[in-house]
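Have a look at the structure below before the remarks.
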Amino acid sequence: MVAMLSKLLVSLLLIKLASSSSVDGHDFTYNGFRGVNLSLNGVAAITPDGLLRLTNTSLHQIGRAFYSVPVRFKNSSDGDPFSFSTTFVFAIVPAGDPDLSGHGIAFVISPLNNLPGAHPSQYLGLFNLTNNGNSSNHIVAVEFDTIINPEFNDINNNHVGIDINGLSSIKSSPASYFNNKNGEFNNISLKSGKPIQAWIEYSSIEKQLNITISPIDVLKPIRPLVSSIVNLSSDIFNEMYVGFSSSTGSMLTSHYILGWSFKINGQATPLNLSTLPILPQLPHQSEKKRMSEKKWMVLAIGLPLFIIFILIAISIGVYKVRKKIKFAEILEDWELEYGPQRFFYKDLFIATNGFSEKELLGVGGFGRVYRGVLPTSGIEVAVKKISHESRQGMKEFIAEIASIGRIRHKNLVRLLGYCRRKGELLLVYDFMPNGSLDKMIFDHSKSVLQWNNRFQIIKGVASGLVYLHEDWVQVVLHRDIKASNVLLDHDLNGMLGDFGLARLYDRGTDPQTTHIVGTFGYIAPELARTGKATMSTDVFAFGIFMLEVACGRRPISSRAMLVEEPILIDLVLECLKRETILEAADPKLGGDYVVEEMEMVLKLGLLCSHPLATSRPTIRQVVEILDGEDSIPELCPDSFDSSVFGVGHDEGFEDLVILFPSLDAQSFVSGGR
Ligand SMILES: *[C@@H]1O[C@H](CO)[C@@H](O)[C@H](O)[C@H]1NC(C)=O
Ligand SMILES: *[C@@H]1O[C@H](CO)[C@@H](O)[C@H](O)[C@H]1NC(C)=O
Ligand SMILES: *[C@@H]1O[C@H](CO)[C@@H](O)[C@H](O)[C@H]1NC(C)=O
Ligand SMILES: *[C@@H]1O[C@H](CO)[C@@H](O)[C@H](O)[C@H]1NC(C)=O
Ligand SMILES: *[C@@H]1O[C@H](CO)[C@@H](O)[C@H](O)[C@H]1NC(C)=O
């Protein structure tokens, strides 16, 4: 009763206050607000351009504007309000990032042309915490809200809703407009900064309130966005102010009304959109926009080009890096003097078809050997790939390789040069078309190598060894003389290969431990004992080699490990003792040999393999004997009695490290396949 009475009093008061200027069936239309007499609150202002600027970019401000006089909405306090229609164009312009802007704007029907005590920010300048939702507010508003406020049950941060006496909308929808063409609702951003037109229409008969929005370049949608039946009879007094309210919070946003038309009991006069004032572009904003437009232009054109460029650059880079890694070699300053003997890895890679298995000639103790054809010269080469972990002694070794590379002898396989990579050393040799000798002697599938060839080979290898031991500027020990290290050229001349290589494995080792380089069965007894290679130990191995070639047997047959079979040297010695030395000759020859030569080779072989180093001839003496310039000294079989194994057994065989233990070790340099 009291409330009713007070309401009545307030309405009477308001009617009295406003009666002087209140209008019936009022309508007005403003296409811009220049010179318009509006009732402005807070920071609201009419700009010289005719824009109604409710808020500018200052924070926590309220801006309102009301039509200067109250509008008559009904004639009796208990009656229903008249129909009304209004349309306006507004813009919510964020100063910065649209995602960080707000708050919204509201069309408001209010008993007063000022709302004292109302708060900015989410209260939109309409209510405050205490009066929000009170029916005594008598405020009917339509909010265009850009912030989601859960306390008001906001649906999102871009919605349109009907607020009666409070900010919890009785009905709301995400901001969108009905597209008359395709019959769908299109989303629209309220805070895009672009002008948006709104229509708010109330039908007194249907009690229906319709709200419609659209971009200004789109005709009025035929379907409203929000439509609700509302009983406004108790909320709207006979005379009410109509206007707008908006507020800013902690984010920089400006709110503008560009034009406004209102009519009671009829359709509001459509706005002349073409004559509306133009929204100002904030200096930094327009700059930004231009910048961003430019940026987009640059991006649109530049980005694809840039991506293509980057892709090309990356692929070139990857290709180059891969190529570089693939062909990476190590070149140190000290190697520069060996320039002519250095090969490019790339060339060797191409020469050997990428070290293809098809080009593999053999696998030996040192590594794999590939056949190749040098891309520039077309020379056929054998490329030996030696894995070498340590850099230790590499400098000296390369120096030696370089030096050895200068050795030229018709019975020595020519070392053409080298290439060094990380953990890998590649040696390039002349290619030997007939492969290694061991295959010719031991491979039963091949035709038997005739004696004259064998004798020539022995003589050739001996003369090569003389060159290494005595004729070259420095003594070069071979350390691994054996049939598989003797290669055959076109004319079946014997070529000694792999000389000097054993040095690679002989460096940087502890002198206390004995590392022996050589092949089991070819190692002189004193070498096994002391680990010290000498010319004499080379002669020992050469002696075994001669026996090998003459007898067609391996020094220690692989079967000897399993069955009790005499080692080659003992076998020949037995024959010598029985004075039937020719029985040791290779049976495959079928007796087809020069007896004197055979006998000489067998005896010389034994002499060279004498357990006592002092009893062995020098390699030069061997050559002289082979050439018939000297005669072979008389052999005393009993002097051999301390056998190879007898000597070795009790004297530190534990320390023996055989680097090339394979009896079937294939040729290192080349070999027919
Ligand atoms: C604006 O309208 C109000 C109310 O009608 C009036 O009191 C005031 O004088 C007007 N101001 C101008 C500048 O016309
Ligand atoms: C915003 O408006 C107020 C009041 O008119 C004014 O004092 C202030 O300087 C304005 N701010 C900007 C950034 O325009
Ligand atoms: C809220 O608004 C009402 C009426 O406008 C006012 O009387 C009241 O003091 C305000 N409350 C606060 C907390 O500002
Ligand atoms: C339109 O907005 C609504 C609500 O924000 C959203 O669920 C919907 O995915 C939007 N539609 C399009 C096409 O962006
Ligand atoms: C509207 O509400 C008033 C009381 O608030 C009531 O008297 C009236 O009948 C209602 N009108 C309709 C159409 O429901």
Side-chain angles (χ1 to χ4, degrees), residues 1 3-8 10-11 13-14 41-42 60 62 64 66 73-74 76-83 98-99 102 104 106 108 110-141 144-151 153-167 169-179 181-192 196 202-209 213-215 221 225-226 228-238 241 245 247:
M1 191 63 193
M4 276 276 277
L5 209 71
S6 71
K7 206 194 272 177
L8 200 69
V10 168
S11 18
L13 183 77
L14 285 172
N41 302 170
H60 299 286
I62 293 171
R64 294 191 210 96
F66 291 99
F73 271 86
K74 53 189 188 185
S76 63
S77 59
D78 55 350
D80 286 323
F82 304 133
S83 296
D99 289 335
V108 56
S110 155
L112 300 168
N113 62 357
N114 197 353
L115 297 170
H119 282 179
S121 303
Q122 69 267 38
Y123 293 99
L124 300 177
L126 298 173
F127 308 104
N128 64 28
L129 183 62
T130 38
N131 72 5
N132 182 47
N134 289 356
S135 57
S136 61
N137 290 331
H138 294 277
I139 288 176
V140 173
F144 302 85
D145 198 352
T146 60
I147 301 276
I148 179 163
N149 295 112
E151 69 267 37
N153 306 313
D154 282 352
I155 51 168
N156 65 11
N157 64 353
N158 187 46
H159 60 272
V160 177
I162 300 169
D163 296 349
I164 295 178
N165 296 322
L167 289 158
S169 304
I170 63 160
K171 189 151 189 191
S172 65
S173 286
S176 59
Y177 66 97
F178 183 77
N179 186 325
K181 286 174 190 152
N182 63 16
E184 285 171 10
F185 276 91
N186 293 3
N187 283 354
I188 184 170
S189 170
L190 297 174
K191 56 189 171 187
S192 66
I196 293 170
Y202 177 73
S203 160
S204 182
I205 301 158
E206 287 143 10
K207 311 278 180 290
Q208 186 164 325
L209 184 63
I213 60 169
S214 80
L225 171 62
V226 180
S228 183
I229 305 293
V230 287
N231 184 349
L232 299 175
S233 62
S234 58
D235 298 305
I236 290 185
F237 295 132
N238 288 8
Y241 283 93
S245 179
S247 66

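Hydrogens, waters and symmetry mates are skipped; everything else that's a heavy atom, side chains included, is used. Each ligand, and each atom within it, is numbered from 1 in the order the structure gives.
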- Atoms in ligand 5 flagged as close to S233, the criterion being non-hydrogen separation under 4.0 Å: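 Here the atoms of ligand 5 in question are 1 (C), 2 (O), 3 (C).
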- Task: Could you list the atoms of ligand 5 found under 4.0 angstrom from a heavy atom of S234?
- Result: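 Here the atoms of ligand 5 in question are 5 (O).
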In Å and rounded to the nearest 0.5 Å, what is the [atom1] to [atom2] distance from [X] to [Y]?
X    : Y    : atom1 : atom2 : answer
Y202 : S228 : OH    : OG    : 10.5 Å
N149 : L167 : CG    : CG    : 8.0 Å
I213 : S176 : CD1   : OG    : 6.5 Å

- Are D163 and S169 linked by a side-chain donor-acceptor pair shorter than 3.5 Å?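 There is such a pair (donor and acceptor under 3.5 Å, judged by atom type) between the side chains of D163 and S169.
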- Message: So, regarding D80 and ligand 5 (criterion: nitrogen or oxygen to nitrogen or oxygen, under 3.5 Å), is there a contact or not?
- Response: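 Among all N and O atoms of D80, none is under 3.5 Å from an N or O of ligand 5.
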- Return the set of residues passing side chain to side chain contact (heavy atoms under 4.5 Å, CB included) with N231 (not counting sequence neighbours), or none when no residue passes.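 Listed in chain order: D80, S233.
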- Task: Just jot down the side chain to side chain contact (heavy atoms under 4.5 Å, CB included) partners of P174, sequence neighbours excluded, or say none.
- Result: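 Only I155, N156 meet the side chain to side chain contact (heavy atoms under 4.5 Å, CB included) criterion with P174.
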- What pairs with F144 under ring-ring contact (aromatic ring centres under 6.0 Å, His included), at least two apart in sequence or on another chain?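 Listed in chain order: F88, F90.
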- Pocket residues of ligand 3, ordered first by chain and then by residue number (heavy-atom cut-off under 4.0 Å):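 Lining ligand 3: P116, G117, H119, N128, T130, N131.
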